[in-house]
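To start, the structure under review is shown below, and the notes come after it.
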Amino acid sequence: GQGKQLQPTFQALVDSTEVIPQESPVWEELWDLQGLNEALVFSAISIESVRTWKQKGPINLSTLLKKAVAKLYAATTTGIATPACHTQVLNTVHILTRVLPVVFEDPEWAEFFWTPLALDALPAMPEGHTQQLDPRANIVPTIEPFPVTPETPLAHVLLGAIQDLMFAPLFTVERPEVPRTAFMAYSPQAVHPVRNIDPTPFIWSNGVGMVNAYPGTRAAHGHRCALMELLLVCLSNPLYTAPADVLKTPDRWVQFFLDGKHPKTRAAFQSILNTFLAFDPVGLGIPYNYTLLWDADLERLVEQCAGLVSLVTTSHTEGAYAPGGLHAWIQGLTAPADLAFLSGGIATLLNNPLTATWLPGSMKKVSYHEELLLLFWRLCELSPTFVQATLKNGNTIHRIMGPMLYYVYTNRLDPGKLGLINIGIYNLLLLSGERNFAVRLNSPYEDTIVFDFWSFSGCYADLVVMVIHSLMVGTNHRLLLLYDCLLTIVTNLSPYVKSLGLVPANKLVHLFELFSSKNFLFAAPANHHLIFFLLETFNNLIQYQFDGNHHLMYVIIRRRKAFIALHQLSVAPPETLDAAAANAPVAETPGKLIVASSLKAETVTEHFSVAAKADSANPFVPTQQWLESWHKKLPLETIMRALHVLVPQIESLCSENSVTDEVQILEFLQHGTLVGLLPPPHPIVVRKQRSPSGTSVWLLSFVWSIIYVKHMDPALWHGTSVKLLLVKEA
């Protein structure tokens, strides 16, 4: 059919050595070709042909781009109620989606999109383009459209047209219960150009600010997909900027959208956000129902919306926080129903791929966990109201915590998943500064998500400690820079953890043994600061939650040599240190305690040395002066005094009652007390999240890597000269 004519028609334009006038019919022939779809457009128009056209015929290429943008704008000034109109709009959208990434490769073309449209006249639309919004309504809601003048930049016209077309009746929004003939009935007082339509009644899905959305049809989902792909391409200019330059000036395409300068931007983002979080891959729950009734275009649309939500929430412009900006709109969300929808949608989709079923493959599973964790993090950053509303619902925060910890834990050894681990840790770090969150972690872990920990059982706080220990003793050296964050999380939570399990307590003390060893401390000048986090954690648990943390006290007593060694630390030769330990007072070196333990042995060799951060060419040489500068500040008094009191009591218990079982020791510690024996409790210090330097560049690269990989069919950007990411061919 005519679909096969695109390749020779387009190639003729590329090969033309003459300037083709704007009024030439060849441009309209492109939009009128029948039988085209996205796949045909991408196969007919090669990346190399567009590159050739940029070099040999830049004037004709610029004319094509202007005529395409003008065609979309013309559709918004009338209507697109007929199949002929649909064909023209979709062909234009597909061609722009294919051509724009190649044009973005060259910085020389950047200013082209910020020049006026400057066409003599708008292209005509096919007959029958008028439409009625709702035949049952006497008054059709309208708004003041985005002003387009002879000076309006091409980019603004294009982005505005995309947002207008998102709410075009009979194209992207439909009323399935109303027959098309009735829906298209002519009523002079109800006919308006698409760009004048108030989008509020036509937001795509229920969710934030919408409760009675019109259900989308399969045809509408396909049309929405085409527009969302073009919107992603329009916002992809940062892909063609080097990381060192990407933050020097804000991208003007992204800036226009985030700043909300178009009257339909907020409704457009509401539609994108609601479509993503309202997605229900399970449906009625009938096994294998997705094999018969699945809407592939809807799933593809949700994937595109997920990418756009990630891009919008993680991009930064000053205008985004000003009145009318999208970030300011997110910050202003306070309705309980809206906040519950956001947290509930995130929790549901996070759990979907981890939900067990009796019949293999009987439930549709989707994987958007990277986008969901990004969204949750940014919502928490932007809206304290969202954080408090989510934490009030213990079930919701637990449904988010389980998958979040699982994804971090299972991907800890994969260097390619460093971004996912970073986002999971940033979420935990931000939440750990909230008292309500720490208290919620005392709830028993009853989720169906299974971790492969050795004999794990306990509360969510136990799970957090186990995951953090696994991250810090793994073999992924790229996690070194996150150690501060990981230990800050544990320290922030510690004053509120009522009862740490025996195994998690053992893991914490194991970390202390690793980071207090001379091999580690003397490897680099700043390695000692990790010890302060752990000592503060132990002090919090002992001074504020001693009654329930007998497991931790037991492990500290059993492995007290590490604490004593740190207390006596010096840069003297090892033999001198051994002699000092042998002659130390009894109060500082409690006697040996021989009790059978069920704890799994931990070895220092399990951990890789963080000394890799030190300069191997100029190795660090510790001095006594350097040691004393920080050693005297160590908060060891609480632990040393607890050991001084408890060790003799337990030794007496063991010798007098022949106790050899750790259960009896634990019972003794559980019913014991240190009231009046410990130093006064220190103030609780909560460290709030502060984004590390360079996060914005890394975050932008991470977001675009997700979007890039998930849009390979068709490959929107693959094969073009991307600079922001390092693309390796498989």
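Keep in mind it's a predicted model, so treat the numbers as computed, not measured.
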Next on the checklist: To the closest 0.5 Å, what do you measure between OG (Ser46) and CD (Gln7)?
Outcome noted: 8.0 Å
Next on the checklist: Set out, in order, the CA-CA distance, both residues' side-chain angles and the distance that settles ring pair (Phe, Tyr, Trp, His ring centres under 6.0 Å) for Phe146 and Phe256, then state yes or no.
Outcome noted: CA-CA 12 Å; Phe146 178 71; Phe256 178 77; 5.7 Å; yes
Checklist entry - Does a side-chain heavy-atom distance below 4.5 Å link Ile20 with Leu64? => result no
Checklist entry - Would Leu379 and Ile346 satisfy side chain to side chain contact (heavy atoms under 4.5 Å, CB included), going step by step from the backbone distance to the final call? => result CA-CA 11 Å; Leu379 287 175; Ile346 290 171; 3.9 Å; yes
Checklist outcome for this item: Smallest heavy-atom separation, Met166 atom then Ile272 atom, equals CE-CG1, 4.3 Å
Item to check | Minimum-distance pair of heavy atoms, taken over all atoms of Thr152 and His156 | outcome: CG2-CB, 3.9 Å
Item to check | Close side-chain approach of Leu230 to Leu72, heavy-atom, < 4.5 Å | outcome: yes
Item to check | Any Lys264 side-chain heavy atom under 4.5 Å of Ile143 side chain | outcome: yes
Checklist entry - Which atom names give the shortest non-hydrogen contact between Leu40 and Gly35, and what distance separates them? => result CD1-O, 3.3 Å
Next on the checklist: Tell me whether the count of non-hydrogen atoms from other residues, nucleotides or ligands lying under 6.0 Å of CZ in Arg266 goes above 12.
Outcome noted: no
Checklist entry - Is the backbone N or O of Pro21 less than 3.5 Å from a side-chain atom of Ser24, with the two atoms forming a donor-acceptor pair by type? => result no
Checklist outcome for this item: Between the CG atom in Leu308 and the CG atom in Leu232, the distance rounded to the nearest 0.5 Å is 4.0 Å
Checklist entry - Closest heavy-atom contact between Leu61 and Val99? => result CD1-CG1, 4.1 Å
Next on the checklist: Once rounded to the nearest 0.5 Å, what's the spacing between atom OG1 of Thr217 and atom CG of Leu298?
Outcome noted: 11.0 Å
Item to check | Step-by-step side chain to side chain contact (heavy atoms under 4.5 Å, CB included) determination, Lys54 to Asp106 | outcome: CA-CA 9 Å; Lys54 282 192 300 183; Asp106 292 332; 2.8 Å; yes
Next on the checklist: Does any part of the side chain of Tyr214, heavy atoms only, come nearer than 4.5 Å to the side chain of Ile203, both counted from C-beta?
Outcome noted: no
Item to check | N-O pairing of Arg218 and Asp297 below 4.0 Å | outcome: no
Checklist entry - Short question: side chain of Gln5, backbone of Leu33 - any donor-acceptor pair under 3.5 Å? => result no
Item to check | Sidechain N-carboxylate O distance under 4.0 Å for Glu105, Arg51 | outcome: yes
Checklist entry - Can you tell me if CG on Asp713 sees more than 12 non-hydrogen neighbours from other groups inside 6.0 Å? => result no
Next on the checklist: Let's go through Leu235 and Asp251 carefully: what are the C-alpha distance in whole Å and the side-chain angles of both, what is the deciding distance for side chain to side chain contact (heavy atoms under 4.5 Å, CB included) to 0.1 Å, and is it a yes or a no?
Outcome noted: CA-CA 8 Å; Leu235 301 180; Asp251 181 69; 5.6 Å; no
Checklist entry - Where does the angle between the aromatic ring planes of His327 and Tyr321 fall among parallel (under 30°), tilted (30 to 60°) and perpendicular (over 60°)? => result perpendicular
Next on the checklist: Suppose we call two aromatic rings close when their centres sit under 6.0 Å apart. Are Trp253 and Phe113 close by that rule?
Outcome noted: yes
Checklist entry - Do you see a donor-acceptor pair shorter than 3.5 Å between the side chains of Thr63 and Trp27? => result no
Checklist entry - Hey, what do you get for CG (Asn196) to OG1 (Thr142), rounding to the nearest 0.5 Å? => result 6.5 Å
Checklist entry - Within the side chain of Lys56, is there an N or O that forms a donor-acceptor pair under 3.5 Å with the backbone of Asp15? => result no
Item to check | Gap separating the CD1 atom of Ile59 from the CD atom of Glu18, nearest 0.5 angstrom | outcome: 12.5 Å
Item to check | Exercise: identify the closest heavy-atom pair between Asn206 and Asn212 | outcome: OD1-N, 3.2 Å
Checklist entry - Centroid-to-centroid, Trp698 to Phe702, below 6.0 Å? => result yes
Checklist entry - Is any side-chain heavy atom of Ser16 less than 4.5 Å from a side-chain heavy atom of Asn60? => result yes
Next on the checklist: What I'd like to find out is whether the side chain of Asp32 reaches to under 4.5 Å of the side chain of Asn91, using heavy atoms alone.
Outcome noted: no
Item to check | His86 side-chain N/O to Ile80 backbone N/O, donor-acceptor pair under 3.5 Å | outcome: yes
Checklist entry - Regarding Thr265 and Gln163, is there a side-chain donor-to-acceptor distance under 3.5 Å anywhere? => result yes
Checklist entry - Is a side-chain donor-acceptor pair under 3.5 Å present for His94 with Thr92? => result no
Item to check | Beyond-backbone contact of Leu154 with Trp114, side-chain heavy atoms, under 4.5 angstrom | outcome: no
Item to check | Backbone N/O of Pro353 and side chain of Ser367: donor-acceptor pair under 3.5 Å | outcome: no
Checklist entry - Are any non-hydrogen side-chain atoms of Leu716 and His711 less than 4.5 angstrom apart? => result yes
Item to check | Heavy-atom donor-acceptor pair, Thr720 side chain to Trp717 backbone, under 3.5 Å | outcome: yes
Item to check | Charged N-O contact under 4.0 Å between Glu371 and Lys710 | outcome: yes
Item to check | Minimum heavy-atom distance Lys417-Glu370, with the two atoms named | outcome: NZ-OE2, 4.0 Å
Next on the checklist: Suppose the criterion is side chain to side chain donor-acceptor pair (under 3.5 Å): which pairs have a residue in residues 699-708, not counting sequence neighbours?
Outcome noted: Tyr708-His718
Checklist entry - Looking at Arg195 and Glu144, does any basic side-chain N land under 4.0 Å from a carboxylate oxygen? => result no
Item to check | Atom pair CH2 (Trp377) and CG (Asn422), whose distance is rounded to the nearest 0.5 Å | outcome: 8.5 Å
Item to check | Donor-acceptor pair, side chain of Asn411 and main chain of Tyr407, under 3.5 angstrom | outcome: yes
Checklist entry - So Leu258 and Phe269, side chain to side chain contact (heavy atoms under 4.5 Å, CB included) or not? Walk me through it. => result CA-CA 9 Å; Leu258 255 66; Phe269 183 64; over 6 Å; no
Next on the checklist: With a 3.5 Å distance limit and no angle check, can you tell me whether Ser271 reaches the backbone of Ala267 through a side-chain donor-acceptor pair?
Outcome noted: yes
Checklist entry - Are a donor atom and an acceptor atom from the side chains of Asp259 and Thr317 found within less than 3.5 Å of each other? => result yes
Checklist entry - Is the shortest distance from a Lys or Arg side-chain nitrogen in Glu28 or Lys71 to a carboxylate oxygen in the other one below 4.0 Å? => result yes
